[in-house]
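Below, chain A is the first sequence line, B the second, and so on; all start at residue 1.
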Amino acid sequence: MRFWLLKSEPDVFGFADLVRVGREPWNGVRNYQARNFLREMREGDLCLFYHSNARPAGVAGVARVCRAAYADDLQFKPDSKYFDPKSSVDAPRWSMVDVEPLIAFPQVVSLDALRGMAEWEASALTRRGSRLSVLPVEPEAFWATLDAAGLSLDEVAGLS
DNA sequence: GCCAACGTTGGC
DNA sequence: GCCAACGTTGGC
């Protein structure tokens, strides 16, 4: 199993929204590096759900990949802001996965807190100016984040 | 293939 | 709201 981080603006779609809907296609990713990571995801992989443009910015919970990458439907919809006229059904340019909520953190583990953890030092997330919205997370960083959220690691391991 | 201009992201 | 950082576009 691999670990990932997904960014979302809570004003648009936060972890509470994921809990409300139960399952969500992670569409609208229009960056090649992020897309490539989406395509590496497998069902059962765990994702830290990161709130960007929030106060504080940080990880709000854990989601699970419940469907591996498939074509992002919005790229074919002319009315969508994510429409891509250069993409085709035969060779879709953009992909999405489906995710479902697993654990809501009692409180957000802030970006500030992550920056204070040695496990996050090498990550693109904590690098200044990083805008990547889908990125891999080292297992150590994943578990350190859950620990910082006050969650029992054994309990979480049992869930996943 | 270079690079300036532009639009977007996202912390603050 | 500001603005630094970054990715993309398009003229040449």
Only pairs at least two apart or in different chains count here, so list each salt bridge (Lys or Arg N to Asp or Glu O under 4.0 Å) that has a residue in residues 136-148 of chain A. none
If you look only at pairs with a residue in residues 108-120 of chain A, which of them pass as a salt bridge (Lys or Arg N to Asp or Glu O under 4.0 Å), with sequence neighbours excluded? none
May I have the list of side-chain donor-acceptor pairs in residues 95-111 of chain A shorter than 3.5 Å, sequence neighbours left out?
from, atom 1, to, atom 2, distance (Å)
A:S95, OG, A:R39, NE, 2.8
A:S95, OG, A:R39, NH2, 3.3
A:D98, OD1, A:Y70, OH, 2.6
A:D98, OD2, A:R23, NE, 3.4
A:D98, OD2, A:R23, NH2, 3.3
A:D98, OD2, A:Y70, OH, 3.2
A:E100, OE2, A:R64, NE, 3.1
A:E100, OE2, A:R64, NH2, 3.4
A:S110, OG, A:A113, N, 3.0

Residues in side-chain contact (heavy atoms from CB on, under 4.5 Å) contact with A:K86, at least two apart in sequence or another chain: A:D84, A:R93
Among residues at least two apart in sequence or on other chains, which ones pass side-chain contact (heavy atoms from CB on, under 4.5 Å) with A:A68? none
For A:R55 and A:G129, take the nucleotide of DNA chain C holding the closest heavy atom to each; which residue's nucleotide lies nearer the 5' end? A:R55
Comparing nearest nucleotides in DNA chain C, the 5'-proximal residue of the pair A:N53, A:Q33 is A:N53
I need the residues from residues 82-93 of chain A with at least one non-hydrogen atom less than 4.0 Å from DNA chain C; give them sorted by number, or say none. none
Taking any atom under 4.0 angstrom from a heavy atom of chain A, which nucleotides of DNA chain B are the first and last to qualify, 5' to 3'? B:dG7 to B:dC12
Tell me which pairs pass ring pair (Phe, Tyr, Trp, His ring centres under 6.0 Å) where either residue lies in residues 71-90 of chain A, with sequence neighbours left out. none
Listed partners of [X] passing side-chain hydrogen bond (donor to acceptor under 3.5 Å, both in side chains), at least two apart:
X	answer
A:D17	A:R20
A:E43	none
A:W26	none

Residue-level proximity of residues 107-122 of chain A to DNA chain B when a heavy atom falls under 4.0 Å: A:L111, A:R115
Is A:L38 reachable from A:Y32 through a run of hydrophobic residues whose side-chain heavy atoms are each under 4.5 Å from the next? no
